[in-house]
Amino acid sequence: MGTGLQTAVSSLQTAFYMFLVVLGILGNTTVIVIIGKSVIMDRSAAHNSNIIIINMAVSNLMVSVMRNVLLVMSDLGIQLFLSKERCQFLMGVWVWLRSVNVWSTFYLSVFHLQTLRRVAPSVGNLRASRGAPKTLLLSLLSIWLLNLLYSIPAHIFSTNGNANSTETLMLISSTTRPLLGCVWNFPSSYSGLAYATTSMVIHETLPIVLMTVTNLSSLYTLYTHGRTRSSVQDAPVVKRVPAERRAAKVILILVLLFIVCWGTSVISVNYFNYNRGTSSEFLLVIARFANIIFIALSPAVLAVGHRGLRSCIKSSLT
């Protein structure tokens, strides 16, 4: 009876995880296509935030395709064991994409905070700024390049295992279990924990702290906008503040969703790394679902709060 119940629970977990993966792929593809089309057709400065959203959706989609789909295949019983070279490539890609996903989300919150603090942009500036600025594109490119450099150790300190391999070190940015036979292979447990600790500080804890700060700053800026709006005489600014307020709600919900999901993964995975208690396996299951929930639900948040995306979906359904 216990074995049957455990099998049923495992099947439900697999089905739910598969649903989230498919939802994430379809949702982020929809975001990229619809918002990308609007950016291409109307290259105005107002689409700068859309470009950042597309960048975040691209990283979400790539994580789903390159990692989460493989996890589903493993759950379905498709066992593939790769060579050492292919494992090193995939481990590096997994770390790279997950890290880009983190900092792309953070960049979205920072950009919107900067936008909110422009309380009174001149009408001339609003009309003269056309196209995506070079600084924005360079910033997004630097996110991808810097995190590519960070992923180099994953190329070096990983190898292929076998069906009996067990993971002794977990990193949120890679995977929460041996996948395709790929495991970490540090020279010693000390060097492995040193890398895991560095990763925890730079790519796991720091983004949560920074996103929390930017969220609180955005809330405070919106509060000051509400108090000063009545004294602002410039008509474009009066019209701009409600639009910023609507956009801020979407960004805040996205970032809060990310903080909850990423924070859950940080706690669960690092509990496994530093305290191998009886609940470590259960926490790894929680971490696994926390990693996919943001990717799956962020397009739904955008569909509700993004005007262009919402109107396009409504028109396609009617």
Side-chain angles (χ1 to χ4, degrees), residues 12-36 49-72 75 94 97-112 172-173 175-176 203-204 207-208 210-212 214-215 218-219 246-269 283-314 316-317:
L12 288 175
Q13 290 179 359
T14 300
F16 184 56
Y17 190 82
M18 187 184 305
F19 168 75
L20 291 176
V21 171
V22 173
L23 182 65
I25 292 175
L26 295 179
N28 284 285
T29 301
T30 303
V31 170
I32 295 170
V33 171
I34 294 178
I35 299 182
S49 60
N50 285 342
I51 294 174
I52 302 175
I53 290 175
I54 292 172
N55 179 73
M56 184 186 70
V58 168
S59 66
N60 286 341
L61 180 61
M62 292 183 68
V63 169
S64 293
V65 172
M66 294 297 297
R67 190 189 72 161
N68 296 332
V69 169
L70 297 176
L71 285 170
V72 171
D75 285 339
W94 293 334
L97 294 179
R98 282 296 289 168
S99 300
V100 167
N101 188 242
V102 175
W103 293 106
S104 295
T105 307
F106 169 67
Y107 188 78
L108 177 64
S109 64
V110 171
F111 179 84
H112 190 68
I172 295 175
S173 52
T175 182
T176 54
H203 285 279
E204 298 170 15
I208 292 179
L210 293 177
M211 288 184 199
T212 303
T214 55
N215 257 19
S218 297
L219 289 172
R246 289 192 299 269
K249 292 179 181 179
V250 179
I251 303 301
L252 290 174
I253 293 173
L254 276 176
V255 176
L256 284 174
L257 178 63
F258 183 88
I259 290 175
V260 171
C261 295
W262 194 251
T264 302
S265 294
V266 169
I267 294 172
S268 302
V269 172
L283 288 176
L284 289 182
V285 174
I286 298 298
R288 180 186 171 204
F289 280 96
N291 286 335
I292 186 62
I293 285 176
F294 174 77
I295 294 176
L297 296 186
S298 57
V301 175
L302 289 172
V304 173
H306 192 280
R307 182 187 302 174
L309 187 61
R310 185 175 63 248
S311 61
C312 184
I313 293 176
K314 285 183 177 179
S316 63
L317 294 177

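If you read the sequence from its start, that first residue is 1, and numbering goes on from there. Computed from a predicted model, the values in this text were never measured in an experiment.
Among all heavy-atom pairs drawn from Ser104 and Ile52, the shortest one is O-CG2, 4.4 Å. Val69 and Val65 get closest at one heavy-atom pair: CB-O, 3.7 Å. Closest of all the heavy-atom pairs between Val255 and Met211 is CG1-CB, 3.7 Å.
A donor-acceptor pair under 3.5 Å is formed between the side chain of Asn28 and the backbone N or O of Ile295.
Between Phe111 and Ile51, every side-chain heavy-atom pair lies at or beyond the 4.5 Å cut-off. Within the 4.5 Å cutoff, no side-chain heavy atoms of Phe294 are placed close to those of Val260. Between Leu252 and Ser218, the closest side-chain pair of non-hydrogen atoms falls below 4.5 Å.
The distance from the CG atom of Leu23 to the CD1 atom of Ile293 is 11.0 Å, given to the nearest 0.5 Å. Between Ile253 atom CD1 and Leu297 atom CG the span is 12.0 Å, to the nearest 0.5 Å. Taken from CG in Leu97 to CE in Met66, the straight-line distance is 6.5 Å, to the nearest 0.5 Å. Annotation: the span from Thr214 atom OG1 to Leu108 atom CG amounts to 9.5 Å, rounded to 0.5 Å. To the nearest 0.5 Å, the span separating CG on Leu254 from OG on Ser109 amounts to 10.0 Å. Rounding to the nearest 0.5 Å places CD1 of Ile25 at 11.5 Å from CG of Leu20.
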Worked verdict on Val31 versus Ile54 for side chain to side chain contact (heavy atoms under 4.5 Å, CB included): CA-CA 7 Å; Val31 170; Ile54 292 172; 5.6 Å; no
The test is side chain to side chain contact (heavy atoms under 4.5 Å, CB included); show your working for Tyr17 and Asn68 and say whether it passes. CA-CA 9 Å; Tyr17 190 82; Asn68 296 332; 3.1 Å; yes
Derivation and outcome, side chain to side chain contact (heavy atoms under 4.5 Å, CB included), residues Ile259 and Thr212: CA-CA 8 Å; Ile259 290 175; Thr212 303; 3.7 Å; yes
So Thr264 and Phe289, side chain to side chain contact (heavy atoms under 4.5 Å, CB included) or not? Walk me through it. CA-CA 10 Å; Thr264 302; Phe289 280 96; over 6 Å; no
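Taking the six-membered ring for Trp and thresholds of 30 and 60 degrees, Phe106 and Trp103 have ring planes more than 60 degrees apart, a perpendicular arrangement.
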